[in-house]
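Worksheet: one structure, shown below.
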Amino acid sequence: VRCQHYPPLRALQASAALRRASDEHKKEPLTSSSQQHFDSPPAGPQPEQEPHGPRPSYTGQGGQESEDYESEEQLQHRILTAALEFVPEHGWTAEAIAEGAKTLGLSVAAAGMFHSDGSELILHFLSECNTRLSKLLEKEQKLVQLGEAEKKPTDEFLRHAVEARLRMLIPYIEKWPQALSVLLLPRNIPSSLNLLTSMIDDIWHYAGDQSTDFNWYTRRAVLTGIYNTTELVMMQDSSPDFEDTWRFLENRVADAMTMSNAASQVQSTGEAVVQGLMGAAVTVSNAETSRAVR
Amino acid sequence: WRLWRCRCRALLSRPAGRLWARRGLAAGPEMHFGFQTVTEEERREKIYQVFESVAKKYDVMNDSMTLGIHRVWKDILMHKMNPSPGTLLLDVAGGTGDIAFRFINYVRSARERQLQRKLKHHQNLSWQEIFESYQKDKFNSLGDSQVVVCDINREMLKVGKQKAQHLGYSEGLSWVLGNAEELPFDSDKFDVYTIAFGIRNVTRVDLALQEAYRVLKPGGRFLCLEFSHVSNPLLSRLYDLYSFQVIPVLGEVIAGDWKSYQYLVESIRRFPPQEDLKAMIEDAGFFKVDYENLNFGIVAIHSGFKL
């Protein structure tokens, strides 16, 4: 795996040491004077046995690279994932991240790597949810392709997808309004919008949308509207298992379908009316001509 | 240079290393003391004497030189650290305890907020249970947070202890005499390591950074608040004017010590600028090293993580 990184890449020492339970692998820091491309070595490097001691001995630049190399981003991902379980108690805050870091064996100060308002945690959670949704829809699509399940009609598919996605919020529903407000901060709007649009795009893709005209935009706009309004309804829904929300969702999807039907109906009615008028005009003019001839 | 440093690092392993610093360095490498050139040992001694003489008037001088703005800088440092209750802080060169006291205040109010939130969570408890939870948490107003103030200078520590007593800070504080280049602490112990306006006075900054790396827990944070390089040319001229004309005079008038404050402003000029210090911190092994300029670079906060 080739990793490109700026500033120069070095293996993380302390966190990796924590991850390996018993052995004494200590990674050597690379020189920071040159940016290097980091190759993770093939499996099976010789482990270096270092003397037990409070301080690792530095052997300069010729240090052995260990098997499981981890970048800063990967470590941050792990911390954020671990922090999610503390969100119901602490909210989307730096404290939840600190608790998450603690479970990984890191110091609570590691939460200082992230913003104190918890934005990264929320965005991480959103992208995780979207990934889960994609996997779910892909799995179902495979089942349909293999013939083991029936293809759902569009409205039912959309309902199912949106419901599945919203259900992922249920464990965090109490603190979700706080998350929504943080997502509206100007700093976070590009990322949150990006995640939202990619999720909607995913759903339509698996729903079988192959439009290449303006419909592409209309469909996504409509579904975004449905998703956002349903999410808001869910925030203040207190019915058992959010029945009210799913009913609301059903109605909105039905509305959307009706509207699209109505739109095409209006179009065809309009065409029919125009044709009728044209026909009437032709008839009248024929009648006039024939009368004039007589 | 690197090879020499690596060999020295190897020598600095527990058993043998402690003597290295004292071994025949009377004719050691040339170093700067302000704008003078001295040897390493001489520099350490001179700096010790500087702080010995300014200790009593240290806080007063800080206020008058920076017009009180140093308090804001230290507050910003504390906000950046955002410590949660249960954090173990090592404040090196912390002498008169400014950072330590701020830390205690911050953690105390964070702890109060935490308890409030816990209480809200448990609103369905009976009165009896709420009262009992008060008793349990009452003796834990800091949430197990602790700060260790370490300084090489006995006088500064003395002033710090007096201040603590005067202001009423008792729990969660420890005062330790120690050298930043050779900390008397075990490895992997602290959550946060701060050094505010102290790293400039350390003779071997790289050793201090390595020690900082050593004593921090994995995931621990290194924070350094220090005077730095002003890049804006106009501001730089004004700053130089103020530094060299006004500050030593203030030093003479208020503390009766021109030379110490002359040393102070000279040492600021000799200290490496932001990017160089950032590279040194990365060399010590820290990750996600970054700096934030305060007041256009008059002061900079460097931050790094032991990952």
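The sequence lines fix the lettering, A, B, ..., with proteins before strands; numbering per chain opens at 1.
A salt bridge links Glu95(A) to Arg117(B): one of the charged nitrogens lies within less than 4.0 Å of a carboxylate oxygen.
Of all non-hydrogen atoms in Gly112(A) and Arg221(B), the two that sit nearest each other are CA-NH1, 3.6 Å. When all heavy atoms are compared, the tightest approach of Glu72(A) to Phe287(B) is OE2-CD2, 3.0 Å. The minimum heavy-atom distance linking Gly219(B) with Ser107(A) is given by the pair C-CB, 3.8 Å.
The NE2 atom of His90(A) sits 9.5 Å away from atom OG of Ser84(B), with the distance rounded to the nearest 0.5 Å.
Both the backbone and the side chain of Asp191(B) have a heavy atom closer than 4.5 Å to some heavy atom of chain A. Contact annotation for Ala98(A): only side-chain heavy atoms (C-beta onward) come within less than 4.5 Å of a heavy atom of chain B. For Gln76(A), the part sitting under 4.5 Å from any heavy atom of chain B is the side chain, from C-beta outward, and nothing else.
By the 6.0 Å contact criterion, NZ on Lys102(A) is open, its count of non-hydrogen atoms from other residues, nucleotides or ligands being 12 or less. Heavy-atom neighbours of Gln116(B) CD from other residues, nucleotides or ligands within 6.0 Å: at or below the threshold of 12.
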